[in-house]
Structures are given as structure tokens and as C-alpha cells.
Amino acid sequence: MEPFRSVRGGGARVSLAAAEASLLRSLVSQVMSLVEPDDLEGSGPGSGPGPDPGDDAELAALEAMVHGPGADKPPEDPVLARLLPDGYRDDPDAAGEFRRYTEPALRSAKHQAAQEMLDTLPEEGGRIQLTQDQALSWLKALNDVDLTVRRGAIH
């Protein structure tokens, strides 16, 4: 593997052997399966017309459908807890409230960065030229791989 090099105008380039590309594809795919959002297409629960915003009971029911039970609890899986950390370590109530509203977007963003890396990583390896946005997606995806490998979740 040639080291990553920055390119004029932003972005980066790297050359990877086929085995390196294959390994990266496998690791990133495994991270994707860990953080996969519940509703990637917007066609699941809560994607249709919602209740009258003035009706608290219906709004609470909709929120429970969208977020599911325990959506304000940290993941029990230590790897997911590392990928989706608490926003407030000293205040469990604030951490739960923060998690309930941010975790779906965080999962989606991690999934999207990983997908962009896979989309720009040729299976056969070779010389890869990345735009600045693609390089940022690679950094995010590789950081998530690093967080999971340190916990021994991916082999």
C-alpha cells in the first residue's frame, strides 16, 4: 500500500493491492451491518402522514413507533456503545433524551460514509483518486473500523 497523499485542490489518492481493497471492503461492510439504520428508504413506521401535532397521545405513540422501546438507552453491545457513545456522560437523563433524537441520524451518517467508501473502493484495488468529500467519507468510515477493531468485534 502506498501512503495516502493529498492532492492539489483537496482530496487524496492512494494505491491499494487487491487484497488490501478486499480487506477494507470486508471491514467496512461489517461496520455498516452494525450501524444500519432501521429505515434506510423512509418507508418504515412513521414515514406516512403523522397525527395532529396537537394530540399528545398520538404524538407519543408515533414517537414510540419511530424510535422503538429503549431508544433512549445506550446499546448493550460494547462495540455499538463505542460507535454510538452517550452525549452526556454525567447525566443519564440528558444522555437518553439526546440519544433518542440523534442516534437515528448518527447511524444513518455512519452508514452513508461507509457506503460512499465502498462505492469509491474498487474491488480489484489499484490507484484511487478521491475528491475532498470522498476522502472525508473514507476518514469517517476508517475511524469507525478502528473503533470496532479495537473492541475485537470484527475479524
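It should be emphasised that the depicted structure is a prediction, and the values quoted were computed from it without experimental measurement. When reading the values below, keep in mind they use all heavy atoms of this one structure, side chains included, and skip hydrogens, waters and symmetry mates.
Summarising the geometry, atom CG belonging to Leu34 is positioned 10.5 Å from atom NE2 belonging to His111; distances are rounded to the nearest 0.5 Å. Residue Met32 holds its CE atom at 13.5 Å from CG of Leu27, rounded to the nearest 0.5 Å. Expressed to the nearest 0.5 Å, how far CZ of Arg25 lies from CG of Leu16 amounts to 11.5 Å.
Judged by distance alone, with hydrogens and angles left aside, the side-chain atoms of Gln134 form a donor-acceptor pair with the main-chain N or O of Thr131 at under 3.5 Å. Remark: side-chain polar atoms of Arg99 are not paired, donor with acceptor, to backbone N or O of Ala94 under 3.5 angstrom. Between the Arg82 side chain and the Thr148 main chain, no donor and acceptor come within less than 3.5 Å of each other. Not one N or O on the side chain of Ser22 forms a donor-acceptor pair closer than 3.5 Å with the backbone of Ala18. Between the side chain of Asp86 and the backbone N or O of Arg89, no donor-acceptor pair lies under 3.5 Å. No donor-acceptor pair closer than 3.5 Å links the side chain of Glu103 to the backbone N or O of Arg100.
Applying the side-chain hydrogen bond (donor to acceptor under 3.5 Å, both in side chains) criterion to Lys140, with sequence neighbours excluded, gives no partner residue.
For the residue pair Pro75 and Leu84, the shortest heavy atom distance occurs at CD-O, 4.2 Å. Between Tyr88 and Ala95, the shortest heavy-atom contact is O-CB, 3.3 Å. Smallest separation of non-hydrogen atoms from Ala141 and Met117: CB-SD, 3.7 Å. For the residue pair Pro122 and Ala21, the shortest heavy atom distance occurs at O-CB, 3.5 Å. Taking each heavy atom of Pro37 and Ser108 in turn, the nearest pair found is CG-CA, 3.5 Å. Taking all atoms of both residues into account, the shortest heavy-atom contact from Ser29 to Leu118 is OG-CD1, 3.7 Å.
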**OP:** Check the pair Trp138, Thr120 against side chain to side chain contact (heavy atoms under 4.5 Å, CB included), reporting the backbone distance first and the verdict last.
**Re:** CA-CA 9 Å; Trp138 275 56; Thr120 56; 2.7 Å; yes
**OP:** For Arg5 and Val14, run side chain to side chain contact (heavy atoms under 4.5 Å, CB included): C-alpha distance rounded to whole Å, both residues' side-chain angles, the deciding distance at 0.1 Å, then the answer.
**Re:** CA-CA 6 Å; Arg5 303 266 186 219; Val14 65; over 6 Å; no
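Pairs of residues two or more places apart, or lying in two chains, never qualify as salt bridge (Lys or Arg N to Asp or Glu O under 4.0 Å) while including a residue from residues 115-137.
Linking Ile, Leu, Val, Met, Phe, Trp and Tyr whenever their side-chain heavy atoms come within less than 4.5 Å leaves Val7 and Phe4 in two separate clusters. The hydrophobic cluster containing Ile128 also contains Leu23, counting ILVMFWY residues as joined when their side-chain heavy atoms lie under 4.5 angstrom apart, directly or transitively. Placement of Leu147 and Leu139 in two distinct hydrophobic clusters is found when ILVMFWY residues are connected by side-chain heavy-atom separations under 4.5 Å, directly or transitively.
By the 4.5 Å side-chain criterion applied to Ile, Leu, Val, Met, Phe, Trp and Tyr, Leu136 is assigned to no cluster and stands alone.
Counting only heavy atoms from C-beta outward, the side chains of Val28 and Leu121 never approach each other to under 4.5 Å.
Other residues, nucleotides and ligands contribute over 12 non-hydrogen atoms within 6.0 Å of the CD atom of Gln115.
Side chain to side chain, Ser26 and Gln30 meet the donor-acceptor criterion of an N or O pair below 3.5 Å.
Using a 4.0 Å cut-off between charged side-chain N and carboxylate O, Asp144 and Lys110 make a salt bridge.
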